[in-house]
K.L.:
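Have a look at the structure that comes next, please.
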Amino acid sequence: MLQIHNTLTRQKEEFKPLDPNNIRMYVCGMTVYDMCHIGHARVLVVFDVIYRYLCEVYGKERVTYVRNITDIDDKIIARANENKEDFNTLTGRFIDEMHHDSEALGILAPNQEPRATLYMDQIITMVQTLVEKGFAYAAANGDVYYAVSKFKNYGLLSGKHIEDLRAGERVAVDDAKNDPLDFVLWKAAKPEEPSWDSPWGKGRPGWHIECSAMSTECLGHNFDIHGGGMDLQFPHHENEIAQSEAATGEKFANIWMHNGFVRIDDEKMSKSLGNFFTIREVTEIYDPEILRYFILTSHYRSPLNYSDKQLDIAKAALTTLYTALRGVDVVPVDSTDTEYHQRVRTAMDDDFNTAEVLPVLFDLAKEVNRYKEKDNDKAKHYASLLRELSGLIGLLNQDPEVFLRGGQQEQGITADDIDNLIEQRNQARTAKDWAESDRIRDVLKEQGIVLEDAGGETTWRRE
RNA sequence: GGCGAGGUAGCCAAACGGCUGGGCAAGUGAUUGCAAAUCACUCUUAUGUCGGUUCGAAUCCGAUCCUCGCCUCCA
């Protein structure tokens, strides 16, 4: 029985799909004006694992996963101006980069990836509905605002009270608004800005309305899961609820899921703080799977402290796992209901507890190693289980040789050179010339190549 | 100030009323020409502090000290 923590109720709840034949999940994706950083990697990985598990439980054809792209907003316009390029060129480029990073991290493509600029009609229609229903108003400056005080449940998701928000002096004063808490649905275009025609003149949508319109269009008035980073809880998701529920008169998302932040030295990693690493920077040094593994070592709602040391540890752990798989054929698994399956299911059923899944993988690796040289059939059996269960969370999908040899890229010494040196060393060993044998091993060691003489064969891996 | 999350052995991190999770690091043994890898064992059952509830608490309650987040664009 799958239990999911719901931000709305602040507790774990049994997951009851609205329609078991169509599980629907919407996740707030990226604003594409720059490279993705590790924080983005976490959202991608976390919800990828959730998507994978929903597919496992309900069947892939019964799950619809939508992750949007925000391709028009202030930052995009500002960056495009800086670069003196069309904003579409800019966003197109970074969408490609995002897809590149996603693929590297083993993220499955969502079923739909709506872009705000392609949903202008739906956005405008929703704003219009809100105006007609009295939840929104056009201001003198051409903007359209949502009247927060009209929505009685405002603050339910984030646990905030309108009075508190008003008391806090941090809400920007804006003369065009009737109430400082009101937020913009439609922004009147300034000269030279990209804009779309609307009943209120040329302009562009506010950020929050984009997600309301796209999720409704792709998934319907109500759907099962709405996710995103913790920082979106307020105001973004709060505002989405206000917009969607006011517009449709129906309950919006059933379950709200928020993943914890990635931190650097106990501080949130973010663009505004400038303390971020891009996915690209990290994956140029570490195999992307190492980053994925690192993200899965902690629960998705916990904060995750990023450091090179942690990635080194993740690398060591993955090396152990891949070393077990090395040289063992994978065969179809005969049972899908072993104790290992059950342990993984129990862990995943408990609010996607990936950290609990990892010990199962290590137990399987241990079994593989135990039988590797004694009982090949058993070794194969456990290796296959390991592949299958790790695959459930998108791990260990590579060829062990590729992972252990540090990917296909030839940095420094080539595989042929290594093989030649190993051959020379083996000749020396046959001649019991240990000095020569050790010399060659040291030469390779200096190149970051570690030799392993197991079962009469010499294999190598990069450190 | 309002609201929220958390403090678990050397490091990371699960468990959330009873039954040593796991990884990394370290040590011993087996194995090896020596290593590496692997296996077995060890690293004395660790839970911020002070009280309380309970037969029993890391887990519940209260107090207290720290850390972090949201309240502004942010995954």
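Order of the sequence lines fixes the chain letters, A, B, ..., with proteins taken first and strands second; residue numbering starts at 1 for each chain. Values in this document were obtained by computation on a predicted structure and should not be read as measured data.
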K.L.:
Between A/Lys374 and B/rC39, is there a side-chain N or O to OP1/OP2 distance below 4.0 Å?
P.N.:
no
K.L.:
Only pairs at least two apart or in different chains count here, so list each salt bridge (charged side-chain N to carboxylate O under 4.0 Å, His left out) that has a residue in residues 33-51 of chain A.
P.N.:
A/Asp34-A/Arg79, A/Asp48-A/Arg52, A/Asp48-A/Arg292
K.L.:
Assess whether one donor atom and one acceptor atom, taken from the side chain of A/Ser437 and the base of B/rG33, lie less than 3.5 Å apart.
P.N.:
yes
K.L.:
For A/Gly260, answer base if it contacts any base atom (sugar-phosphate contacts may also be present), sugar-phosphate if it contacts only those atoms, and nothing otherwise; contact means non-hydrogen atoms under 4.0 Å.
P.N.:
base
K.L.:
Can you find an N or O donor on one side and an acceptor on the other, under 3.5 Å apart, linking the side chain of A/Lys160 with the base of B/rC71?
P.N.:
no
K.L.:
If you look only at pairs with a residue in residues 92-112 of chain A, which of them pass as a salt bridge (charged side-chain N to carboxylate O under 4.0 Å, His left out), with sequence neighbours excluded?
P.N.:
A/Glu85-A/Arg93, A/Glu97-A/Arg280, A/Asp101-A/Arg280
K.L.:
If a stem is a run of at least 3 consecutive Watson-Crick or G-U pairs, both distances under 3.5 Å, which stems include RNA chain B?
P.N.:
B:1-7 with B:65-71, B:10-12 with B:22-24, B:26-30 with B:38-42, B:48-52 with B:60-64
K.L.:
Can you tell me which residue pairs pass the salt bridge (charged side-chain N to carboxylate O under 4.0 Å, His left out) test with a partner in residues 256-270 of chain A, sequence neighbours excluded?
P.N.:
A/Asp231-A/Lys268, A/Arg263-A/Asp266
K.L.:
What pairs with A/Arg301 under side chain to side chain donor-acceptor pair (under 3.5 Å), at least two apart in sequence or on another chain?
P.N.:
A/Asp351
K.L.:
Side chain of A/Asp350, heavy atoms from C-beta onward: which of B/rC73, B/rG22, B/rA15 has the nearest atom to it?
P.N.:
B/rA15
K.L.:
Could you pull out all residues at least two apart from A/Asn6 that satisfy side chain to side chain donor-acceptor pair (under 3.5 Å)?
P.N.:
A/Glu13
K.L.:
Pairs under 3.5 angstrom, nitrogen or oxygen only, protein versus nucleotides 23-31 of chain B, please.
P.N.:
unit_1, atom_1, unit_2, atom_2, d
B/rC24, OP1, A/Thr320, OG1, 3.0

K.L.:
Output a table of donor-acceptor pairs, distance under 3.5 Å, between side-chain atoms of residues 152-162 of chain A and any protein atom two or more places apart or on a different chain; print 'none' if there are none.
P.N.:
unit_1, atom_1, unit_2, atom_2, d
A/Tyr154, OH, A/Asn239, OD1, 2.5
A/Ser158, OG, A/Glu238, OE1, 2.6

K.L.:
Counting only non-hydrogen atoms, which of residues 226-234 of chain A are less than 4.0 Å from RNA chain B?
P.N.:
A/Gly228, A/Gly229, A/Asp231, A/Leu232, A/Phe234
K.L.:
Looking only at N and O atoms, is any donor in the side chain of A/Asp363 or the base of B/rG22 less than 3.5 Å from an acceptor on the other one?
P.N.:
no
K.L.:
For A/Glu423, give me all partners under side chain to side chain donor-acceptor pair (under 3.5 Å), at least two apart in sequence or on another chain.
P.N.:
A/Gln427
K.L.:
Using the side chain to side chain contact (heavy atoms under 4.5 Å, CB included) criterion, which residues pair with A/Glu463? Sequence neighbours excluded.
P.N.:
A/Lys445, A/Val450
K.L.:
Nearest to the side chain of A/Trp434, heavy atoms from C-beta on, is which of B/rA13, B/rA15, B/rG33?
P.N.:
B/rG33
K.L.:
Counting distance alone, no hydrogens or angles: does the base of B/rA35 have a donor or acceptor under 3.5 Å from a partner atom on the side chain of A/Arg441?
P.N.:
yes
K.L.:
Looking only at the side chain of A/Asp453 (C-beta and beyond, no hydrogens), which of the listed nucleotides B/rA35, B/rA75, B/rG21 gets closest?
P.N.:
B/rA35
K.L.:
Looking at every strand, decide which applies to A/Arg370 at a 4.0 Å heavy-atom threshold: base, sugar-phosphate, or nothing.
P.N.:
sugar-phosphate
K.L.:
Between A/Trp256 and A/His258, how do the two ring planes meet: parallel, tilted or perpendicular, split at 30° and 60°?
P.N.:
parallel
K.L.:
Would you call A/Asp287 and A/Arg462 a salt bridge, taking side-chain N to carboxylate O under 4.0 Å as the test?
P.N.:
no
K.L.:
Does the side chain of A/Arg461 get closer than 4.0 angstrom to OP1 or OP2 of B/rA36 through an N or O atom?
P.N.:
no
K.L.:
Please check: side-chain N/O of A/Asp182 versus main-chain N/O of A/Lys177, any donor-acceptor pairing under 3.5 Å?
P.N.:
no
K.L.:
Are any of A/Arg10's side-chain N or O atoms less than 4.0 Å away from OP1 or OP2 of B/rA5?
P.N.:
no
K.L.:
Just compare B/rC11, B/rG69, B/rG33 and give me whichever is closest to any side-chain atom of A/Lys268.
P.N.:
B/rG69
K.L.:
Ignoring backbone atoms, test whether A/Thr31 places a side-chain nitrogen or oxygen under 4.0 Å from the OP1 or OP2 oxygen of B/rA75.
P.N.:
yes
K.L.:
At under 4.0 Å between heavy atoms, what does A/Asp438 touch on the DNA or RNA strands: base, sugar-phosphate, or nothing?
P.N.:
base
K.L.:
Looking at A/Asn369, I'd like to know whether one of its side-chain N or O atoms comes within less than 4.0 Å of OP1 or OP2 on B/rC39.
P.N.:
yes
K.L.:
With sequence neighbours left out, what residues match A/Lys12 under side chain to side chain donor-acceptor pair (under 3.5 Å)?
P.N.:
A/Asp350
K.L.:
Considering only atom C1', compute the distance from B/rU45 to B/rG2 and round it to an integer number of Å.
P.N.:
41 Å
K.L.:
Contact class for A/Arg301 vs. all strands (heavy atom < 4.0 Å): base, sugar-phosphate, or nothing?
P.N.:
nothing
